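To start, the structure itself, in structure tokens.
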Amino acid sequence: MKILVINCGSSSLKYQLIDMNTEIAIAKGLVERIGMEGSNLEQKMEGSSEKYKVEKDLKDHKEAISLVLETLCNEKFGIIKDLKEINAIGHRVVHGGEKYSNSVIVTDEVIKNIEECSKLAPLHNPANIIGIKACQELMGDTPMVVVFDTAFHQTMPEKAYMYGLPYEMYEKHAIRKYGFHGTSHFYVANECAKQMGKKIEDLKIITCHLGNGASVSAIDRGKSVDTSMGFTPLQGLMMGTRCGDIDPAVVTYLISELGMSANEVNEMMNKKSGFLGVSGKSSDSRDIEELEEKGDKRATLTLDMYYYRIKSYIGAYMAVMNGVDAIVFTAGIGENSSLTRAGACAGMENLGIKIDENKNNVRGKITEISADDSKVKVYLIPTNEELVIARDTQALLK
Ligand code: AMP
């Protein structure tokens, strides 16, 4: 069985074709600048270091998906002979609201519900829907499944997901914590249990998904009991360009005292803050680490704030779960930056957390990085959201 996994962003589209017999992605690709000048596709095939590149104007996601399908079947660079070899399509959808605590097969009603959730994720859900509809048009009867970023966190108890606002804000407007990166937290927590040779039902795990967007989750016996992102992906850790936790009164102050519009505040908090805002130079952690090494004080402050906030969430979630057996680092920064892993775990020996500097000198592969005498195990586990989507798709179609 071959499953095509599609992750549509507003102007980009990531895809993988996964052979479920081996669970290996036989083709991986990225389409960028959809609807803009200079749109292009880049595809890598399993077992080849060559990249196949196409530059072609793509006016919308339908044209982008059409090019993806053409590329997968391309005589020279393709990986399949016929589109019929694609047995199913799995779509990543960011927001499933309170309706979905699991993945589901696509129906008209599911699409309608995802559309309803668009007001909760205006940057993401509309693009996801466009991707689903484009596949329906181009792939006819091929079965499709959607996997929600929010679904895994639907097990959070009320006391964790409610905000201290008037109750009708929740009842009438669905304002509450939802959490995101669910497929990633789920995947790495389960991989961690496998690494430890234990059942996830016997473990308390804190997973740190540290990419351009970042969140920490408390996973108690396999269930998400709290997570740092909230109503939107703006809450929680400081990120590449997002501010993370701030006093909400800052927002009203910016509007009433500085005369900023709601849109301007939103743009500033989502796109001009975080690493970029504090350092004044870059949203990329590699640049910040380099600047710090050269003695840039604002870069040092940026990293200190970043580590401090991850550490604060680890401490909070240890309290929430009455301890922790393992901490996992994943995603772009978590998998690649030994400085971040060391910084976030520094000075927690009294809590039983100690990293081994040599073991931590690693990137991109499953590794236990805790010291031999660390009570809590610490791991680097590369995430694989696409595989979770493909597995869910296969399971639902069975
Ligand atoms: P993601 O959103 O998971 O793709 O992660 C993107 C982030 O990972 C960016 O902020 C990059 O700076 C960071 N990243 C990727 N590779 C490295 C690396 N080798 N060292 C440090 N950070 C990295």
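Remember, it's a predicted structure, so these values are computed and weren't measured experimentally. Atoms within each ligand, like the ligands themselves, are counted from 1 in listed order.
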- Item | Flag: protein heavy atom within less than 4.0 Å of atom 12 (O) of ligand 1 | yes
- Task: Show which atoms of ligand 1 fall inside a sub-4.0 Å distance from at least one heavy-atom site of R363.
- Result: 18 (C), 19 (N), 20 (N)
- Task: Using a strict 4.0 Å cut-off to heavy atoms of G332, name the atoms of ligand 1 that fall inside it.
- Result: 1 (P), 3 (O), 5 (O), 8 (O), 13 (C), 14 (N), 15 (C), 23 (C)
- Charged N-O contact under 4.0 Å between K53 and E42: yes
- Sub-4.0 Å heavy-atom approach of H209 to ligand 1: no
- Nearest protein heavy atom to atom 18 (C) of ligand 1, by residue and atom, and its distance? N336 CB, 3.2 Å
- Task: Measure centre to centre between the rings of Y178 and H95, then say whether the value is under 6.0 Å.
- Result: yes
- Message: Test: side chain to side chain donor-acceptor pair (under 3.5 Å). Region: residues 63-79. Which pairs qualify, not counting sequence neighbours?
- Response: Y52-N74, K59-E63
- Message: Can you list everything that forms a side chain to side chain donor-acceptor pair (under 3.5 Å) with Q43? Sequence neighbours excluded, please.
- Response: Y15
- Message: So that I can tick it off, tell me whether R92 and D392 are bridged by a salt bridge, with the cut-off set at under 4.0 angstrom between side-chain N and carboxylate O.
- Response: no
- Note on the structure: re atom 21 (C) of ligand 1, the protein heavy-atom contact at minimum distance is R286 CG, 3.4 Å
- State whether Y161 and R176 meet the cation-pi test: NZ (Lys) or CZ (Arg) under 6.0 Å from the six-membered ring centroid, and within 45° of the perpendicular axis. yes
- Near G211 (heavy-atom distance under 4.0 Å), the atoms of ligand 1 are 1 (P), 2 (O), 3 (O), 5 (O)
- Message: Would you say the ring centers of H181 and H153 fall short of 6.0 Å from each other?
- Response: no
- S285: numbered ligand 1 atoms lying under 4.0 Å from its heavy atoms: 10 (O), 11 (C), 12 (O), 13 (C), 21 (C), 22 (N), 23 (C)
- Query: Given L210, L339, N212, which one has a non-hydrogen atom that is nearest to atom 1 (P) of ligand 1?
  - Reply: N212
